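Pasting in a structure now, in structure tokens, and then I'll have a few things to ask.
Residue numbering restarts at 1 for every chain, and letters A, B, ... go by the order of the sequence lines. Values in this document were obtained by computation on a predicted structure and should not be read as measured data.
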Amino acid sequence: MKDLNYSSPASLDKALAILDECGDRARILAGGTDLIPALRRERLWPDHIVYIGKIKRLARIKVDGKMLKIGPLATIAELENSAVIAKKAPLIRFAAAELGGPAVRNLATIGGNLINASPAADMACALLALNANLTIRSKTATREVPIVNFFKGPKLADIAPNEILAEISVPLDGAGVLSKFMKLGKRKSLAISVVNCAITVKPGDGGLCEKATIALGAVAPTPIRAFDAERLLAGAKITDELLELVAEKAASCTSAIDDIRGEAWYRKRMAGQLVKNGIKELFAGRNDL
Amino acid sequence: MLRELNFKLNGRPVKLLVKPTATLLDCLRDYLNILSPKRGCEEGDCGACTVLIDGKALNSCLVLGLTVEGREVITLEGILDSDEFGKLRDSFFQRHASQCGFCTPGMIMAAYSFLKSSPRPSRDSVLRAISGNLCRCTGYQSIIEAIMDAAAEVKGAAR
């Protein structure tokens with residue numbers, strides 16, 4: 001890496017002031033599990049690293065009325081072990097448990113996973129299924145971005161060099177909602193997802209699915225919602241036939257490519273399979289399949 | 001441009017002048033002659049560089065040195081007198097859990113951290129605890145058995 005400047009501000013305001021001055025010559029360092037390898041491989045050329053790990057209030061996890069508020073610096077391990085998350089938004093815990101390995105989870109942050117904006121990002125997939133809202137701050141402004149609008153392309157997100165992701169809010173309307181996270185990888189740990197899938201369903205009476213959300217990763221330029229498949233499920237009785245249609249619809253939402261981890265046809269097929277199997281398992285025991 | 005870095009290493013304060021681009025692994029190996037953490041992949045994918053920072057097992061290759069300012073770093077060199085290490089050393093020996101030895105410091109640090117935090121270790125939890133550490137020699141089974149043995153010893157529990 002070439003030489004660079006380093007700051008470690010203790011407050012969000014100080015950090016934003018530095019970023020405002022440096023513009024796109026600075027990069028934010030949180031956990032570093034994405035940034036440090038990128039710097040070492042010289043895929044990035046910042047002049048200035050702004051380490052925000054000392055800003056403790058960015059690490060908080062708390063319930064605020066009907067919203068779960070997660071600071072961007074909450075580590076993946078903290079999310080995995082949090083009693084609040086387990087109770088209020090277990091899908092986040094399921095995704096956290098699949099990310100990287102134990103040491104990576106101790107270091108990596110949920111904010112970093114979103115900002116890095118990999119199409120295969122595991123936390124991003126879960127938050128997409130949960131309709132999370134992102135609060136993004138600069139020195140002079142605060143804006144709210146629904147996560148469904150946040151990802152613009154591979155490693156591209158709606159955030160400017162002088163902005164910091166300040167908070168992740170998850171709506172808590174989850175009474176009676178079941179969720180599941182599935183990750184297909186080339187190995188069981190330390191794996192970048194070949195396909196990942198986050199599902200929430202709200203079962204109704206008589207084996208009905210009141211509503212569902214389905215997020216898929218590593219099958220498009222960004223993590224995506226399979227809205228067409230969700231529409232098939234809304235208000236429907238869960239049958240094998242319906243699940244086949246849902247699988248097809250989910251697969252048709254994808255636009256996967258071949259890469260070193262897998263081929264497009266495989267990812268497309270697996271997307272459908274994960275959705276089908278995931279919903280089937282969530283409804284198991286609630287109706288006859 | 002060199003920057004000053006102060007932190008606690010294996011219980012003692014250290015002061016260094018480091019490049020901002022130096023990782024903690026670089027600082028430990030190149031500035032402090034702490035050679036137990038290894039340069040495996042240097043991208044957080046193998047665990048050979050595992051150390052404890054403020055009690056948490058982290059990949060030192062991913063940590064920028066300057067970010068450990070004021071914090072507490074523990075390496076294999078720092079746990080040699082502990083009860084947990086004694087049991088791990090014996091069980092790794094008994095079970096032939098180390099061949100070339102390259103993964104071993106990282107494995108021991110992962111196992112040490114696990115033993116410190118795990119109330120009732122099971123085989124599954126041992127597997128998970130070392131799921132961030134690659135080994136090319138042993139095929140892992142001897143390492144898992146060694147950690148299970150050490151856990152039983154440390155926790156006084158039945159194996």
Inter-chain contacts: residues 125-143 of chain B against chain A, heavy atoms under 4.5 Å: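 Near chain A, by residue number: B:Arg128, B:Ala129, B:Ser131, B:Gly132, B:Leu134.
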In terms of heavy-atom proximity below 4.5 Å to chain B, should A:Thr33 be classed as side chain, backbone, both, or neither?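 For A:Thr33, heavy atoms of backbone and side chain both lie under 4.5 Å from chain B.
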Checking A:Ala97 against chain B: side chain, backbone, both or neither under 4.5 Å from a heavy atom?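 The answer is both parts of A:Ala97.
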Euclidean distance, A:Tyr6 OH relative to B:Thr21 OG1, rounded to 0.5 Å: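 If I round to the nearest 0.5 Å, the distance is 12.5 Å.
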Excluding sequence neighbours, so at least two apart, what forms salt bridge (charged side-chain N to carboxylate O under 4.0 Å, His left out) with B:Arg89?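 With neighbours one apart ignored, the set is empty.
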Enter the distance from A:Leu39:CG to B:Leu64:CG here, rounded to the nearest 0.5 Å.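 Interatomic distance, A:Leu39 CG to B:Leu64 CG, rounded to 0.5 Å: 8.0 Å.
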Are any side-chain N or O atoms of A:Asn106 and backbone N or O atoms of B:Ala57, one a donor and one an acceptor, separated by less than 3.5 Å?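 Checking the backbone N and O of B:Ala57 against the side chain of A:Asn106, a donor-acceptor pair under 3.5 Å is found.
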Answer with side chain, backbone, both or neither: which region of A:Leu35 has an atom nearer than 4.5 Å to a non-hydrogen atom of chain B?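 Neither part, no heavy atoms under 4.5 Å.
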Inspect the surroundings of CD1 in A:Ile192 and state if more than 12 heavy atoms from other residues, nucleotides or ligands are less than 6.0 Å away.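 Count not over threshold, so no.
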In Å, rounded to the nearest 0.5 Å, how long is the span from CZ of A:Arg40 to OG1 of B:Thr23?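 OG1 of B:Thr23 is found 6.5 Å from CZ of A:Arg40.
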By number, which residues in residues 34-43 of chain B have some heavy atom less than 4.5 Å away from chain A?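 Contacts with chain A: B:Glu42, B:Glu43.
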Would you mind reporting whether A:Leu107 and B:Leu62 have side-chain heavy atoms less than 4.5 Å apart?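 Contact flag for B:Leu62/A:Leu107 side chains = yes.
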Is B:Arg12 atom CZ crowded by more than 12 heavy atoms from other residues, nucleotides or ligands, each under 6.0 Å away?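 At most 12 heavy atoms, drawn from other residues, nucleotides or ligands, come within 6.0 Å of this atom.
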Where B:Pro20 and A:Leu4 come nearest, the two heavy atoms and their spacing: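 In terms of heavy atoms, the two residues are closest at CG-O, 3.1 Å.
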Pairs of donor and acceptor atoms involving the side chains of residues 99-112 of chain B, under 3.5 Å and at least two apart or interchain, shall be tabulated with distances.
| residue | atom | partner | partner atom | Å |
| --- | --- | --- | --- | --- |
| B:Thr104 | OG1 | B:Ser98 | OG | 2.7 |
| B:Thr104 | OG1 | B:Gly101 | O | 3.4 |

Around atom CZ of A:Arg57, are there more than 12 heavy atoms of other residues, nucleotides or ligands at under 6.0 Å?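 No, CZ of A:Arg57 has 12 or fewer neighbouring heavy atoms, counting only those of other groups under 6.0 Å.
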Could you check whether atom NZ of B:Lys56 has more than 12 heavy atoms from other residues, nucleotides or ligands sitting under 6.0 Å from it?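 Yes, because the 6.0 Å sphere around NZ of B:Lys56 holds more than 12 heavy atoms from other groups.
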